[in-house]
Amino acid sequence: MREVPLPHCEFQPRPYHGPTADEVLALRREFLNPGIFLYYGKPLMLVEGWMQYVWDETGKRYLDALGGIVTISVGHRHPQVIDAARAQLETLQHSTTIHLHPAAGEYARHLASKLPGDLKVCYFVNSGSEANDLALLIARAYTGNYDVVALRNAYHGGNAAALSLTAHSTWKFNIPHTFGVHHALAPDPYRGPYGRDDAQAGRKFAADVKQLIDFATPGRVAAFIAESIQGVGGCVVFPDGYLEAVYRFVRQAGGLCIADEVQTGFGRMGSHFWGFATQGVIPDIVTMAKGIGNGYPLAAVVTTPEIGRVLAQRIHFNTFGGNPVAMAVGKAVLEVIECEKLQENAHRLGTRLLSGLEKLKQKHVIVGDVRGKGLLLGVELVKDRARKEPATAECARVLENARNNGLLLGKGGFWGHTIRMAPPLCITQADVDFALDVLDATLADI
Ligand SMILES: Cc1ncc(COP(=O)(O)O)c(C=O)c1O
């Protein structure tokens, strides 16, 4: 495969003196949960990061085009985020919500200012799974209903509640996991029954949610939950009008609408700060994680004062929810997104990346579909375009070759056949052109 040079970078990583990758792998095999998985035939060990780049133990540099699985929003080790965390760590590392601390309220006010309508009451937790679990609790307590509609091909996390929402057999353990949860058709215009050539696709996919409410529930539901773009499911973008129609059906059935913005929030969409806004809807509850903390364990559920009040029926507590260091990090992340105009950057460079990927689709028949918004993009690989047979092994080879050429990509989709790209929002045009060049070379090699 032709070698593509990485864009220039001034930053010099420190020399690495720790254990070798083989030693780390041996430790992991003996002492860590065997359920965690690794990318690549020869696992990659990362020891340092700076903005959009990461380095392995040999000093080799990579463009992190998956952003630590859609988590690095403003850049690895962003100085403003580090300074905010350090200042708070050196003052008061931990305090819980049983006492006052200025950070949580200040950050919540800033976060609420980014949300539309009356979405302003924030509950802080530590992970996306926890946020979705809490959102379900709030919806069920508020509505008095139990049934929930989620989507096939969804990923909402791995704890017991989130696993009930997640809809890939690959993630679901054989336990009573979907009690009260019904999965509607994934509104996938590439693989679903209604394609991009169908202007009514959004309305038709939404009709399946109505069918589920009518035929699989008591006619009353607690909630509908969806990612605004299905990330793990392979960057599936819903047809226009889909969420608007679904939200109407769900509200008619007494339910709340939950937007899982774990991957799509915080400016990544480019055109909008939140993914739901690209569909012209306002949810009742928004869950967020990953990019909110740029790699720090921070997540949140935001709802309206009226709905949020329901948690006051009982004692509700989360030890690290509202931790001052997490709050300082979250506030710094929002400030960096604003000061460095990262949403605008996501829009400009996401548009360039998407149009470059479209050109690769014209050139390489293995590319079945290209899609996404801003800097959350997917390239679905198929063995042949008519039958759309997933090209799983080929996708793994693209990832390997790209890695060898200094580009870290992700994969998703039920068959692991969709290349996923979600770089830090601080990437440059040179990075985008590099990624496209590497992809072109690897696809030509397949
Ligand atoms: C859309 C979405 N929701 C929820 C989660 C779960 O987040 P966490 O891994 O922080 O529990 C993920 C994780 O990948 C996700 O992509």
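Order of listing sets the numbers, starting from 1, for every ligand and every atom in it.
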So is Gln230 touching ligand 1 or not, going by heavy atoms under 4.0 Å?
no

Main-chain N/O of Leu185 paired with Asp208 side-chain donor or acceptor, under 3.5 Å:
yes

Closest heavy-atom approach to atom 10 (O) of ligand 1 among Gly231, Ala289, Gly128 is made by Gly128

For atom 3 (N) of ligand 1, what is the closest protein heavy atom, and at what distance to 0.1 Å?
Asp260 OD2, 2.8 Å

I need the atoms of ligand 1 closer than 4.0 Å to a non-hydrogen atom of His156, numbered in the order shown.
3 (N), 4 (C), 5 (C), 6 (C)

For the pair Asp369 and Arg191, find out whether any cationic side-chain nitrogen is under 4.0 Å from an anionic carboxylate oxygen.
no

Minimum heavy-atom separation for Arg371 to Gly234, with atom names?
NH2-O, 2.8 Å

How are the rings of Trp171 and Phe37 set relative to one another: parallel (under 30°), tilted (30 to 60°) or perpendicular (over 60°)?
perpendicular

Would you please classify the geometry between the Trp274 ring and the Phe276 ring as parallel, tilted or perpendicular, with 30° and 60° separating the classes?
parallel

Interfacing atoms of ligand 1 (cut-off 4.0 Å, heavy-atom, Ser127)
10 (O), 11 (O)

Using atom types as modelled, flag every donor-acceptor pair under 3.5 Å from a side chain in residues 318-327 to any protein atom, sequence neighbours excluded.
residue, atom, partner, partner atom, Å
Asn318, OD1, Asn126, ND2, 3.4
Asn318, OD1, Phe320, N, 3.3
Asn318, OD1, Gly321, N, 3.1
Asn318, ND2, Glu130, OE2, 2.8
Asn323, OD1, Val325, N, 2.8
Asn323, OD1, Ala326, N, 3.0
Asn323, ND2, Gln93, O, 3.1
Asn323, ND2, His94, ND1, 3.2

Quick note on ligand 1: atoms under 4.0 Å from a heavy atom of Glu227 include exactly 1 (C)

Does an N or O anywhere in Lys290 fall below 3.5 Å from an N or O of ligand 1?
yes

Please check: side-chain N/O of Gln230 versus main-chain N/O of Cys235, any donor-acceptor pairing under 3.5 Å?
no

If we number the atoms of ligand 1 from 1 as shown, the ones under 4.0 Å from a heavy atom of Asn132 are 3 (N), 4 (C)

Using a 3.5 Å distance criterion without hydrogens, assess whether the side chain of His101 forms a donor-acceptor pair with backbone atoms of Ala103.
yes

Taking both backbone and side-chain atoms of Gln263, is any N or O found less than 3.5 Å from an N or O belonging to ligand 1?
yes

Distance to 0.1 Å, residue and atom name: give those for the protein heavy atom nearest to atom 2 (C) of ligand 1.
Tyr155 O, 3.3 Å

For ligand 1, which atoms have a heavy atom of Ser129 less than 4.0 angstrom away?
6 (C), 7 (O), 8 (P), 11 (O)

